Amino acid sequence: MHGLNSVQVYGVEKLHQALHGRPKGKALLTVSNHVAAMDDPFVIASLLPPSVMLEAQKLRWTLCATDRCFTNPVLSTFFRSVKVLPVSRGDGIYQKGMDMALSKLNSGGWVHIFPEGSRSRDGGKTIAPAKRGVGRLVMDADSLPVVIPFVHTGMQDIMPVGKRIPRAGKRVIVVVGDPINFDDLLIDNCGDTQDIPRGILYDKVTQRIGQRLQELKVEVDRLAAEQEPELQNHNVGDDGYRLWQQVDWEGFGIGSSMLPSEPSAAAQVPSREAEPEPHVEVEQSVSPAPSAATSYNVAVPHWFQRHADPSELMGFASRGLIKHGKFLEEGYREFQQSATTLHTFWVSRANNAAHRWSTA
């Protein structure tokens, strides 16, 4: 998300505060819109600091339909190992999967849920009404959890409906909202709400969460519209080429093989408006105009060639290499030392084997 794509997050400190600053034993429930099959883990991971990503106990629990994530023993084992709980479509809000999610909240854990219940039907243009399951998670928990909403856009470009492989070179915008307050709905033995049916409380919570997500949707769409002209005018290829040239490929032991060939002179010289030419009756063969994106002689896997401009990939890769150059250089030296040791070991084994065969 931060390497092959671009992520802009607004208000991420609200989520981080809830992750690190909530009282011990206090549950955290995050809610968001659901655009693409990979919203979780891609969007979730892009919001988290490394301290959370590297500690399994701090990662979220989430829910997934049994007919999607638990269709065979292999998938079931995988998704259970990455903290996914099974729920069955049509079994209502009192099924075992929801009870398990409540148990995680009551243990002070973090649960993420998509209140819509399924992916957007229109590619993220709108948010469907929230379902009552999220209301039950809030009201039936031993104590009210911290509820953090966020809305994102752009995942429909990275993982369009029907595609199995993520795309690169896209932009995702995420807006994290303030915690949603439900204190006025909390059932208190001394309050007037004790006679309100449980189902009505679920509906009130669900409505409030849905309304907040709709408000954040307006905000994220506004930000995306403001940045649309910038995206259209920004040439990522030029940045990628400049960054690619700045990398010390010799320092990584790769040499000049990773340096792209210079763009053609035609690509470097700015285009000028051609003077109108007199009309010629004779047919002339016209060569196709050069592409606006400069092509560089760098090996790019076939999949990336079909899903992203190679110049964009060079830019993304170069940013990471420049940022972590020292780490990569040290890693390469360690790799060379390991390779040398391994080579010596195998040569010694081969010589010993040859000696045994010659004396046999």
Side-chain angles (χ1 to χ4, degrees), residues 1-34 36-64 68-70 74-87 97-115 134 137-138 141-152 155 158-159 166 172-180 316 319-321 323-328 330-331 334:
M1 291 295 287
H2 290 290
L4 295 178
N5 292 286
S6 171
V7 183
Q8 294 182 351
V9 185
Y10 299 84
V12 71
E13 68 280 353
K14 301 168 186 175
L15 175 60
H16 292 181
Q17 173 62 27
L19 285 170
H20 299 295
R22 70 184 192 276
K24 186 176 181 179
K26 184 76 168 177
L28 171 62
L29 178 67
T30 52
V31 293
S32 72
N33 60 325
H34 197 6
M38 298 297 286
D39 289 349
D40 185 349
F42 282 1
V43 176
I44 297 287
S46 67
L47 302 177
L48 300 181
S51 60
V52 175
M53 290 290 294
L54 298 176
E55 210 170 322
Q57 292 293 331
K58 294 182 179 179
L59 292 176
R60 60 88 190 103
W61 291 90
T62 192
L63 307 171
C64 186
R68 183 172 183 83
C69 299
F70 299 87
V74 175
L75 283 179
S76 298
T77 301
F78 170 75
F79 281 108
R80 283 194 174 94
S81 70
V82 293
K83 305 180 74 169
V84 178
L85 304 173
V87 289
M98 294 295 291
D99 294 340
M100 294 170 66
L102 267 175
S103 175
K104 302 305 179 184
L105 290 173
N106 292 337
S107 300
W110 169 22
V111 174
H112 178 76
I113 189 172
F114 300 105
V134 67
L137 290 181
V138 173
D142 290 345
S143 61
L144 282 181
V146 177
V147 181
I148 301 291
F150 63 87
V151 170
H152 56 88
M155 281 301 296
I158 294 179
M159 282 292 292
V172 174
I173 300 176
V174 187
V175 177
V176 182
D178 295 320
I180 304 177
F316 292 127
R319 292 189 191 99
L321 289 171
K323 182 176 180 181
H324 304 291
K326 182 178 179 182
F327 169 78
L328 292 174
E330 291 174 354
E334 293 177 2

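Model, not experiment: these values are computed from the prediction.
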Once rounded to the nearest 0.5 Å, what's the spacing between atom OG of Ser51 and atom NE2 of His20?
4.0 Å

Greater than 12 external heavy atoms within 6.0 Å of Glu13's CD
yes

Any chance you could measure Ile148, atom CD1, to His16, atom NE2, to the nearest 0.5 Å?
11.0 Å

So Leu63 and Val84, side chain to side chain contact (heavy atoms under 4.5 Å, CB included) or not? Walk me through it.
CA-CA 5 Å; Leu63 307 171; Val84 178; over 6 Å; no

Side-chain touch Val174/Gln8, heavy atoms, less than 4.5 angstrom
no

Phe42 and Met155, any side-chain heavy atoms less than 4.5 Å apart
yes

Using the side-chain contact (heavy atoms from CB on, under 4.5 Å) definition, which of the options Leu19, Thr30, Leu15 pairs with Leu47?
Leu15

Could you go through the side chain to side chain contact (heavy atoms under 4.5 Å, CB included) check for Thr62 and Lys83 one step at a time?
CA-CA 7 Å; Thr62 192; Lys83 305 180 74 169; over 6 Å; no

Strictly distance-based, threshold 3.5 Å: is any side-chain N or O of Asn106 a donor or acceptor partner for the main-chain N or O of Asp142?
yes

Side-chain contact, heavy-atom cut-off 4.5 Å: Arg80 with Phe70?
yes

In Ile113, Val82, Val111, the residue satisfying side-chain contact (heavy atoms from CB on, under 4.5 Å) with Trp61 is Val111

Looking only at heavy atoms, the pair that brings Val87 and Gly97 closest together is CG1-CA, 3.9 Å

Shortest non-hydrogen separation from Met159 to Ala36 and the atoms involved:
O-CB, 3.5 Å

Does Ser103 reach the main-chain N or O of Asp99 with its side chain, forming a donor-acceptor pair under 3.5 Å?
no

If we only count heavy atoms from C-beta on, is the Phe79 to Cys64 side-chain gap below 4.5 Å?
no

Taking all non-hydrogen atoms of both residues into account, name the closest pair between His2 and Ser46 and its distance.
NE2-O, 3.1 Å

Taking the side chain as every heavy atom from C-beta outward, state whether Leu75 and Thr77 have any pair of such atoms under 4.5 Å apart.
no

Please step through side chain to side chain contact (heavy atoms under 4.5 Å, CB included) for the pair Val43 and Met38, ending with a clear verdict.
CA-CA 8 Å; Val43 176; Met38 298 297 286; over 6 Å; no

Hey, does Leu28 have a side-chain heavy atom less than 4.5 Å from the side chain of Pro145?
no

If I compare all heavy atoms of Pro149 with all of Val147, which pair ends up nearest, and what's the gap?
CD-O, 3.7 Å

Side-chain heavy atoms of Arg60 within contact of Leu48, under 4.5 Å:
no

Heavy-atom pair with the smallest gap, counting every atom of Pro115 and Ser32:
CD-O, 3.3 Å

Please step through side chain to side chain contact (heavy atoms under 4.5 Å, CB included) for the pair Val52 and Leu54, ending with a clear verdict.
CA-CA 5 Å; Val52 175; Leu54 298 176; over 6 Å; no

According to the interplanar angle, ranging from 0 to 90°, do the rings of Phe150 and His152 count as parallel (below 30°), tilted (30 to 60°) or perpendicular (above 60°)?
tilted

Closest non-hydrogen atom pair, Leu59 against Met53
CD2-CA, 4.1 Å

I'd like to check Leu29 versus Val138 (side-chain heavy atoms, cut-off strictly below 4.5 Å). Are they in contact?
yes

